[in-house]
Engineer: 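Below is a structure I'd like to ask you about.
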Amino acid sequence: MLSLTASELERYARHIVLRDVGGPGQQKLKAARVLVIGAGGLGAPVLQYLAAAGVGTIGIVDDDVVSLSNLQRQIIHATEKLGEPKVASAAEAIARLNPNVRVVPHPTRISGQNAMALINDYHIVVDGSDNFATRYLVSDACFYAGRPLVTAAVGQFDGSVTLLKPFVLDDEGNHIYPTYRCLFPKRPEPGSLPTCTEEGVLGALTGVVGTLQALEVIKEIVGFGEGLVGRMLLADTLGMHFETIRYKRSAKNPLNGCNPKTWSEMLEAEHG
């Protein structure tokens, strides 16, 4: 377990006095390696709160640059960073927030060819992407890599968050938790759903949902509370309603029963 310096003890004092976190929990955060897919609307608060919490290593995957229309919601970036790669802008912001955090920028788009190499180097993954193709790819890769995944999505005024751990086995060697494909069996066709560019999105909504993602990651690392495994938190900010729905494993998706049995087979069958 990594020890905490005197300055870290002071920085994280409000965590350390929490009974469910304490010194050991803060040490777990310092030792953790978290990969964040996307430094946009959801990724911005995820990155900021994970860095503030003292997560030791944060990887950021994003191939985009900062544009003016991003700044209404992607609050980790600043006006003077327009045109700069988002991974670089986010890394600079994190360094200002908490210099104890090591940031590993991955200025690329996650794909079938690099997903496993990226994910295997981290303990837990956060998906802040804005398209279904990436969500399915990341969730499938995390299944085969055996990595917990906190995934979320937002609409104009609503959002959702869940935790996926479908690789966990019971005493008989059976998978017990649902996959992303149990929740969404059929991937929408490209262009069938409007994007935030077309419909818009409330900036503060991404802050709420991204912060919930960060909280779920912290809980998973430290090991307190009840995670959103097999449950999805739904947030309707127009009516300010929050509810949780449950979902179960389904035998009608290609991951259950480990068929296809390898990532390369899955990649060929499902992701081209």
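Just so we're clear, the structure is a prediction, and the values are computed from it rather than from any experiment. Just so you know, residue 1 is the first one in the sequence shown, and it goes up from there.
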Engineer: Is there side-chain contact between T244 and M232, with at least one heavy-atom pair below 4.5 Å?
Structural biologist: no

Engineer: Write down the atom of E199, the atom of Q156, and the distance for their closest heavy-atom approach.
Structural biologist: O-NE2, 3.0 Å

Engineer: In Å and rounded to the nearest 0.5 Å, what is the NE2 to CD distance from H123 to E220?
Structural biologist: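 It comes to 12.5 Å.
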
Engineer: Using a strict threshold of under 4.0 Å (side-chain N to carboxylate O), is an ion pair present between R181 and D140?
Structural biologist: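 Yes, charged N to carboxylate O under 4.0 Å.
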
Engineer: Indicate, with yes or no, if Y177 and I124 share a hydrophobic cluster defined by side-chain heavy-atom contacts under 4.5 Å among Ile, Leu, Val, Met, Phe, Trp and Tyr.
Structural biologist: yes

Engineer: Could you check whether any side-chain heavy atom of V66 comes within less than 4.5 Å of a side-chain heavy atom of L71, counting everything from C-beta outward?
Structural biologist: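 Contact flag for V66/L71 side chains = yes.
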
Engineer: Indicate the atoms forming the closest heavy-atom contact of I110 with V61, along with that distance.
Structural biologist: N-CG1, 4.0 Å

Engineer: Which heavy atom of L4 sits nearest to which heavy atom of G23, and what is that distance?
Structural biologist: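 Reported closest heavy-atom pair: CD1-O, 4.3 Å.
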
Engineer: Any donor-acceptor pair under 3.5 Å linking the side chain of R147 with the backbone of N120?
Structural biologist: yes

Engineer: To the nearest 0.5 Å, what is the distance between OG1 (T5) and CG (N100)?
Structural biologist: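 Answer rounded to 0.5 Å: 6.0 Å.
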
Engineer: Let me check something: do F242 and L215 share a hydrophobic cluster, defined by ILVMFWY side-chain heavy atoms less than 4.5 Å apart, either directly or through other members?
Structural biologist: no

Engineer: Contact between Y180 and C142 at the side-chain level, heavy atoms closer than 4.5 Å - yes or no?
Structural biologist: no

Engineer: Please say which of V126, V125, L163 ends up in a side-chain contact (heavy atoms from CB on, under 4.5 Å) with L149.
Structural biologist: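 Only match with L149 under side-chain contact (heavy atoms from CB on, under 4.5 Å): V125.
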
Engineer: How many angstroms lie between CG in D64 and CG in N70, if you round to the nearest 0.5 Å?
Structural biologist: 6.5 Å

Engineer: Please confirm whether R33 makes a cation-pi placement over Y122, using NZ or CZ under 6.0 Å from the six-membered ring centre and within 45° of the ring normal.
Structural biologist: yes

Engineer: Would you sort out whether I37 and L118 count as a side chain to side chain contact (heavy atoms under 4.5 Å, CB included), showing the intermediate values?
Structural biologist: CA-CA 10 Å; I37 311 296; L118 286 169; 6.0 Å; no

Engineer: Going by side-chain hydrogen bond (donor to acceptor under 3.5 Å, both in side chains), name the pairs with one or both residues in residues 75-85, residues two or more places apart or in two chains.
Structural biologist: H77-S89, K81-E92

Engineer: Which pair of heavy atoms, one from S160 and one from L234, lies closest together, and at what distance?
Structural biologist: CB-CD2, 3.7 Å

Engineer: Name the orientation class of the two ring planes belonging to H175 and F143 (parallel below 30°, tilted from 30 to 60°, perpendicular beyond 60°).
Structural biologist: tilted

Engineer: What is the minimum heavy-atom distance between V21 and Q26, and which atoms define it?
Structural biologist: CG1-N, 4.0 Å

Engineer: Evaluate the side chain to side chain contact (heavy atoms under 4.5 Å, CB included) criterion for residues L233 and R231: first the C-alpha distance (whole Å), next the side-chain angles of each, then the deciding distance (0.1 Å), finally the verdict.
Structural biologist: CA-CA 7 Å; L233 177 64; R231 301 186 298 143; over 6 Å; no

Engineer: Is V208 linked to V150 within one hydrophobic cluster, defined over Ile, Leu, Val, Met, Phe, Trp and Tyr using a side-chain heavy-atom separation of less than 4.5 Å?
Structural biologist: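 They do share one cluster, since a chain of ILVMFWY contacts under 4.5 Å joins V208 to V150.
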
Engineer: With side chains defined as the heavy atoms from C-beta onward, is the minimum distance between K248 and P178 less than 4.5 Å?
Structural biologist: no

Engineer: Just verifying a value: how many Å separate L228 CG and Q213 CD, rounded to the nearest 0.5 Å?
Structural biologist: 10.5 Å

Engineer: From L183 CG over to I245 CD1, what is the distance, rounded to the nearest 0.5 angstrom?
Structural biologist: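 Going from CG on L183 over to CD1 on I245, the span is 6.5 Å.
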
Engineer: How far apart are the closest heavy atoms of L35 and I60, and which atoms are they?
Structural biologist: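 Closest approach of L35 to I60: CD1-N, 4.4 Å.
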
Engineer: Can you confirm whether V222 sits close enough to L29 that some side-chain heavy atom of one is under 4.5 Å from a side-chain heavy atom of the other?
Structural biologist: yes

Engineer: Does any part of the side chain of D63, heavy atoms only, come nearer than 4.5 Å to the side chain of P107, both counted from C-beta?
Structural biologist: no

Engineer: Charged N to carboxylate O below 4.0 Å: is that the case for E216 and K219?
Structural biologist: yes

Engineer: Looking at side-chain heavy atoms only, is the closest gap between D158 and L238 below 4.5 Å?
Structural biologist: no

Engineer: Taking V229 as the starting point, is it possible to reach V217 by hopping between hydrophobic residues whose side chains are less than 4.5 Å apart?
Structural biologist: yes

Engineer: Within a radius of less than 6.0 Å around CZ of R187, do more than 12 heavy atoms belonging to other residues, nucleotides or ligands occur?
Structural biologist: yes

Engineer: Would you call the rings of Y12 and H15 parallel, tilted or perpendicular, taking 30° and 60° as the class edges?
Structural biologist: parallel

Engineer: Within the side chain of N114, is there an N or O that forms a donor-acceptor pair under 3.5 Å with the backbone of R109?
Structural biologist: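 Yes, the answer is positive, given that a donor and an acceptor are paired below the 3.5 Å cut-off.
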
Engineer: What's the separation between atom OG in S69 and atom CG in L82, rounded to the nearest 0.5 Å?
Structural biologist: 9.5 Å

Engineer: Output side-chain donor-acceptor pairs under 3.5 Å for residues 44-58, partner residues at least two apart or in another chain, one line each.
Structural biologist:
none

Engineer: Hey, does L18 have a side-chain heavy atom less than 4.5 Å from the side chain of F224?
Structural biologist: no

Engineer: Run the side chain to side chain donor-acceptor pair (under 3.5 Å) check on T162 and Y247 step by step: do they pass?
Structural biologist: CA-CA 10 Å; T162 192; Y247 59 99; 2.7 Å; yes

Engineer: Pairs in or reaching into residues 125-134: which pass side-chain hydrogen bond (donor to acceptor under 3.5 Å, both in side chains), with residues at least two apart or in two chains?
Structural biologist: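 Every side-chain hydrogen bond (donor to acceptor under 3.5 Å, both in side chains) pair that includes a residue of residues 125-134, provided the two are not neighbours, is D127-S129, N131-T134.
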
Engineer: Look at the side-chain heavy atoms of Ile, Leu, Val, Met, Phe, Trp and Tyr, link any pair under 4.5 Å apart, and say whether V65 and V87 land in one connected group.
Structural biologist: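 Looking at the clustering, V87 is in a separate group from V65.
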
